[in-house]
Amino acid sequence: MKAEAKITIVDFPEVVNIDEIRDEAPEVKTFYLSFLDPRLEAGFRIRSGQFIMCTVFGAGEFAVSLPPSPERDRLHITVRAVGKVTHALHRLRPGDKLGVRGPFGNGFPFEEIKGKNVIYVAGGIGLIPLRSSIIHVLQHREAFGRIILLYGARTSRDLLYREDIREWQKTPGFETFVAIDRAESGWDGEVGYVNTLIGKANVPVENTAAFVCGPPVMFNGVIAELLKRGMSEDDIVSTLERNMKCGYGKCQHCAIGRTLVCTDGPVYTYRQIKTLGEGI
Ligand SMILES: Cc1cc2nc3c(=O)[nH]c(=O)nc-3n(C[C@H](O)[C@H](O)[C@H](O)COP(=O)(O)OP(=O)(O)OC[C@H]3O[C@@H](n4cnc5c(N)ncnc54)[C@H](O)[C@@H]3O)c2cc1C
């Protein structure tokens, strides 16, 4: 069968339909999308870690992480309502339309980490970009060593992708630790900040890559703990979020020093992030 050409939608948004909307957590929803043009559906190939620019007509455009490849999964985005555009998105209903440009950005460095243990450390909505990487690594299980997820949220209501988490907890060879900040009735999982899970999970640091995403206070605590245990700055990977306009290196809105987050990133090693002199 002839392979479909890979399509990148650069300048003008292509229209997608909102097929379904699921509540994930307070202020966080997942939107399942399909292109009105079926040729785009087939050619729109994604690398885990990339993003799209999503237009909410009449409100504006914003950057959002991509799910695992829609070749095996429906195209969807998970979005927290924080400001003008994302609140406008949350007011939409199935059948409404959005615009999509992309995919943009570098994606996660899977070739470089082949043969290593992989640790995911996510806080709150930091699980959104990491989830597609987790799914990729589980699909290629034989190429990696230990696979560990440490995920923390403020309360049990704030945990995202609960269906996935239940499945991951049952997946052999995938060590999944989930914590909430304070004890709650009915919660029998871990309690405490996510960096405390690093000790509980006895995470390896030799021949190991760590993917870390979450709010700055969590990120800094986790990085400090991993470095204290001897992990190299080159083996810690994260994604930077900066306000973006074009998504493909023209407008410079997301420039930090000599790097453009939209084309050089959004995925960087901790050593690179440190060199940029910017926090997460
Ligand atoms: C590569 C990339 C991937 C992203 N993936 C996701 C995702 O999967 N899900 C998701 O919910 N969000 C994601 N974001 C963040 C999302 O783009 C912003 O939340 C969105 O632009 C906010 O738009 P708004 O008009 O609703 O808010 P605004 O009214 O523009 O801003 C509301 C508040 O959010 C801050 N803010 C706005 N944009 C950003 C930004 N890009 N980074 C950090 N703070 C910002 C503002 O300073 C302000 O405090 C991603 C951002 C980037 C760059």
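Ligands are counted one by one from 1 in listed order, and the atoms in each one are counted from 1 as well. Computed from a predicted model, the values in this text were never measured in an experiment.
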[atom]: the protein heavy-atom neighbour that sits closest, reported with distance to 0.1 Å:
atom                    : value
atom 21 (O) of ligand 1 : F62 CB, 3.4 Å
atom 31 (O) of ligand 1 : G83 CA, 4.3 Å
atom 15 (C) of ligand 1 : E241 OE1, 3.3 Å

(message) Is there a polar contact, in the sense of an N or O pair closer than 3.5 Å, between I125 and ligand 1?
(response)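 No; the residue has no nitrogen or oxygen that sits under 3.5 Å from a nitrogen or oxygen of the ligand.
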side-chain hydrogen bond (donor to acceptor under 3.5 Å, both in side chains) between Y120 and S133: does it pass, once the steps are laid out?
CA-CA 9 Å; Y120 293 99; S133 172; 2.8 Å; yes
Residue [X] vicinity, atoms of ligand 1 by number, heavy atom under 4.0 Å:
X    : result
V64  : 4 (C), 5 (N), 6 (C), 7 (C), 8 (O), 9 (N)
V85  : 24 (P), 25 (O), 26 (O)
I128 : 8 (O), 9 (N)
T86  : 24 (P), 26 (O)

**Item:** Between F31 and H90, ring centroids under 6.0 Å
**Value:**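 Ring-ring flag for F31/H90: true, centres closer than 6.0 Å.
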Does any N or O in the side chain of [X] come within less than 3.5 Å of the main-chain N or O of [Y], such that one atom is a donor and the other an acceptor?
X    : Y    : answer
K200 : I198 : no
T275 : R271 : yes
N117 : G145 : no
R45  : I7   : no
T269 : Q272 : yes

Where's the contact between [X] and ligand 1, heavy-atom distance under 4.0 Å: side chain, backbone, both or neither?
X    : result
T78  : backbone
V82  : both
R242 : backbone

From [options] - option closest to [atom] by heavy atom:
atom                    : options         : result
atom 6 (C) of ligand 1  : C262, G126, S65 : S65
atom 29 (O) of ligand 1 : R80, E61, K84   : K84
atom 14 (N) of ligand 1 : A63, C213, G105 : A63

For R101 and E61, what are the C-alpha separation, side-chain angles and deciding distance, and is it a salt bridge (charged side-chain N to carboxylate O under 4.0 Å, His left out)?
CA-CA 10 Å; R101 295 190 296 119; E61 209 181 22; 2.7 Å; yes
Review point. Is it true that E112 and K114 make a salt bridge, defined as a side-chain N closer than 4.0 Å to a carboxylate O?
Key: no
Practice prompt. Indicate yes or no: does D19 engage R74 in a salt bridge with an N to O separation below 4.0 Å.
Written response: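 Judged by the 4.0 Å cut-off on N to carboxylate O distance, D19 and R74 do not form a salt bridge.
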Tell me whether [atom] lies less than 4.0 Å from at least one protein heavy-atom position.
atom                    : result
atom 52 (C) of ligand 1 : yes
atom 24 (P) of ligand 1 : yes
atom 39 (C) of ligand 1 : no
atom 45 (C) of ligand 1 : no
atom 35 (C) of ligand 1 : no
atom 19 (O) of ligand 1 : yes

- Task: Indicate whether any N or O donor in one side chain lies under 3.5 Å from an N or O acceptor in the other, for T263 and Y248.
- Result: no
Evaluation steps, salt bridge (charged side-chain N to carboxylate O under 4.0 Å, His left out), between E20 and R22 = CA-CA 7 Å; E20 188 189 340; R22 283 189 202 166; 3.0 Å; yes
